[in-house]
Visitor: 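First, the structure itself, so that you have it in front of you.
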Amino acid sequence: MFWKKGKGAVTQPKVPFDTYEARPPSAQNAIDAIPGWNSQFPPEYGLIAGNRVNFADDRIIWAMAQFGSVASANVLELGPLEGAQTYLLDRAGANITAIEASKPAFLKCLVTKEIVGLPRARFLLGDCVPFLEQSEDRYDLIVACGVLYHMADPLRFLEAVAARTDALYLWTTYLDPTAFPVGDPALKRWEAVRETRTFRGQTITLYRRDYEQVHLNPDFCGGIYNEPRWMIRSSILDALRALGFSSLEIAHETTPTPHEPCFSVFARR
């Protein structure tokens, strides 16, 4: 039987179960349900999420300008993260298939789709490399922003991408060994993990990295496997040319940290 409260008894505040939401329904509730957001929603939504990725990402705006109108174009987006860049492609009229390997990020994409409305976008959960290798579909444009430097085998990734499109947008970080002072111990550590491969007649330099447990952070947005391999700038461009991309437009050359610059490449056959 249920015990009746005695007269004058103090009523304890109700505490919801951890897996339930007791606040009235809202978009903020959906965001709060998944920790570790990176994206900053447009101000008109009045939401608190992350602050690292802007929905008005000028890299994607630049990529669309290089491609031309994406209205009705079939776009494959690799690594949508939380759907912020998908938002720009959707609003420009593209038909988007977006593949995300991170389970939390995939769920965040679905939350973003529910909040902002992305009627032209479809999100898929899984590894994009076997998807590309097994698919026979071709795409007008493939977008891979912040993906290449998280790949355990970036050359396999580029080859798989190149088989499915004639227009590719990449934004990536790369390693610049020339930026290290002579005798810098950090350079010696990089040289210890240096690899050289021959790829379609080109000598490609790779450097093996380690996530060093950062994948345990809720906002981790790296690759599926440990030990991704970074490329040097010239090797990225050489690999793209070897894959038949004769037109390479470069933008967004920045150096957020001294030895880890980044840039955008729009590649077209």
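Not measured: the values here are computed from a predicted model.
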Visitor: Can you tell me how the ring of Phe41 sits relative to the ring of Tyr45, calling it parallel under 30°, perpendicular over 60° and tilted otherwise?
Guide: perpendicular
Visitor: Atom CZ of Phe266 and atom CH2 of Trp62: how far apart are they, to the nearest 0.5 Å?
Guide: 7.5 Å
Visitor: Considering residues at least two apart in sequence or located in another chain, which fulfil the side-chain hydrogen bond (donor to acceptor under 3.5 Å, both in side chains) criterion with Glu195?
Guide: Arg208, Arg229
Visitor: Work out which heavy atom in Val53 is nearest to a heavy atom in Ala84; give both atom names and the distance.
Guide: CG1-CB, 4.0 Å
Visitor: Provide the full list of ring-ring contact (aromatic ring centres under 6.0 Å, His included) pairs with a residue in residues 123-145, sequence neighbours left out, each pair given once.
Guide: none
Visitor: Inspect the surroundings of CD in Glu136 and state if more than 12 heavy atoms from other residues, nucleotides or ligands are less than 6.0 Å away.
Guide: no
Visitor: Can you list every ring-ring contact (aromatic ring centres under 6.0 Å, His included) pair that touches residues 86-121, not counting sequence neighbours?
Guide: Phe55-Tyr87
Visitor: Can you see whether Asn29 engages Ser26 through a side-chain donor-acceptor pair at a distance of less than 3.5 angstrom?
Guide: yes
Visitor: Identify, with sequence neighbours excluded, every residue that meets side-chain hydrogen bond (donor to acceptor under 3.5 Å, both in side chains) alongside Arg164.
Guide: none
Visitor: Rounded to the nearest 0.5 Å, what's the gap from CG on Asp210 to CZ on Arg189? Could you check?
Guide: 12.5 Å
Visitor: Scan side-chain atoms only and decide if Gln40 and Asn51 contain a donor-acceptor pair under the 3.5 Å cut-off.
Guide: no
Visitor: Verify the cluster assignment for Phe157 and Phe263: are they in a single hydrophobic cluster under the rule of side-chain heavy atoms below 4.5 Å apart?
Guide: yes
Visitor: Is the shortest heavy-atom distance from the side chain of Leu237 to the side chain of Ile250 under 4.5 Å?
Guide: yes
Visitor: Checking the side chain of Arg59 only, and the main-chain atoms of Ala251 only, is there a donor and an acceptor separated by less than 3.5 Å?
Guide: no
Visitor: Working to the nearest 0.5 Å, report the span between CG of Asp166 and CG of Asp140.
Guide: 9.5 Å
Visitor: Has Thr254 got a side-chain atom pairing as donor or acceptor with Pro256's backbone, closer than 3.5 angstrom?
Guide: no
Visitor: Suppose the criterion is side-chain hydrogen bond (donor to acceptor under 3.5 Å, both in side chains): which pairs have a residue in residues 143-161, not counting sequence neighbours?
Guide: Glu133-Arg156, His150-Tyr211, Asp153-Arg197, Glu159-Arg200
Visitor: Can you list the residues that meet the side-chain contact (heavy atoms from CB on, under 4.5 Å) rule with Pro261, with sequence neighbours excluded?
Guide: Tyr174, Asp176, Thr255
Visitor: Restricting to side-chain contact (heavy atoms from CB on, under 4.5 Å), what partner residues turn up for Pro24, sequence neighbours left out?
Guide: none
Visitor: Okay, side chain of Arg138, backbone of Ala163: is any donor-acceptor separation there less than 3.5 Å?
Guide: yes
Visitor: Is any side-chain heavy atom of Thr172 less than 4.5 Å from a side-chain heavy atom of Val265?
Guide: no
Visitor: Could I get the full list of side-chain contact (heavy atoms from CB on, under 4.5 Å) partners for Ala27, not counting sequence neighbours?
Guide: Leu47, Ile115
Visitor: Is it the case that one hydrophobic cluster holds both Ile96 and Ile61, taking links as side-chain heavy atoms less than 4.5 Å apart, direct or via other members?
Guide: yes
Visitor: Side chains of Leu76 and Thr165, heavy atoms from C-beta outward: is any pair under 4.5 Å?
Guide: no
Visitor: Kindly say whether Ala121 contributes a backbone atom to a donor-acceptor pair with the side chain of Lys113 at under 3.5 angstrom?
Guide: yes
Visitor: Would Leu141 and Leu170 show up in the same hydrophobic cluster when neighbours are defined by side-chain heavy atoms closer than 4.5 Å?
Guide: no
Visitor: His252 and Trp171: ring pair (Phe, Tyr, Trp, His ring centres under 6.0 Å), yes or no, with the steps?
Guide: CA-CA 8 Å; His252 308 120; Trp171 177 89; 8.7 Å; no
Visitor: Quick one: hydrophobic cluster around Tyr20, which other residues, with the 4.5 Å side-chain cut-off, linked directly or via members?
Guide: Phe17
Visitor: Is the count of non-hydrogen atoms from other residues, nucleotides or ligands lying under 6.0 Å from Glu114 atom CD greater than 12?
Guide: no
Visitor: Tell me who clusters with Ile48, hydrophobic residues only, linked when side chains sit under 4.5 Å apart either directly or through other members.
Guide: none
Visitor: Quick check: are there more than 12 heavy atoms from other residues, nucleotides or ligands sitting under 6.0 Å from CZ of Arg269?
Guide: yes
Visitor: Output every pair passing side-chain hydrogen bond (donor to acceptor under 3.5 Å, both in side chains) with a member in residues 68-82, not counting sequence neighbours, ordered by first then second residue.
Guide: Asn38-Glu82, Ser39-Glu82, Glu77-Thr86
Visitor: Can you tell me how far OG of Ser235 sits from CG of Leu206, rounded to the nearest 0.5 angstrom?
Guide: 7.0 Å
Visitor: Donor-acceptor pair, distance only, cut-off 3.5 Å: does the side chain of Asp57 make one with the backbone of Gln85?
Guide: no
Visitor: Using the side-chain contact (heavy atoms from CB on, under 4.5 Å) criterion, which residues pair with Thr196? Sequence neighbours excluded.
Guide: Arg194, Thr203
Visitor: Membership question, hydrophobic clusters at under 4.5 Å side-chain separation (ILVMFWY): are Leu158 and Met151 in the same one?
Guide: yes
Visitor: I need the Ile34 CD1 to Cys109 SG distance, nearest 0.5 Å.
Guide: 9.5 Å
Visitor: Decide whether Ile204 and Leu248 are clustered together by the hydrophobic rule: side chain heavy atoms of Ile, Leu, Val, Met, Phe, Trp, Tyr closer than 4.5 Å, transitively.
Guide: yes
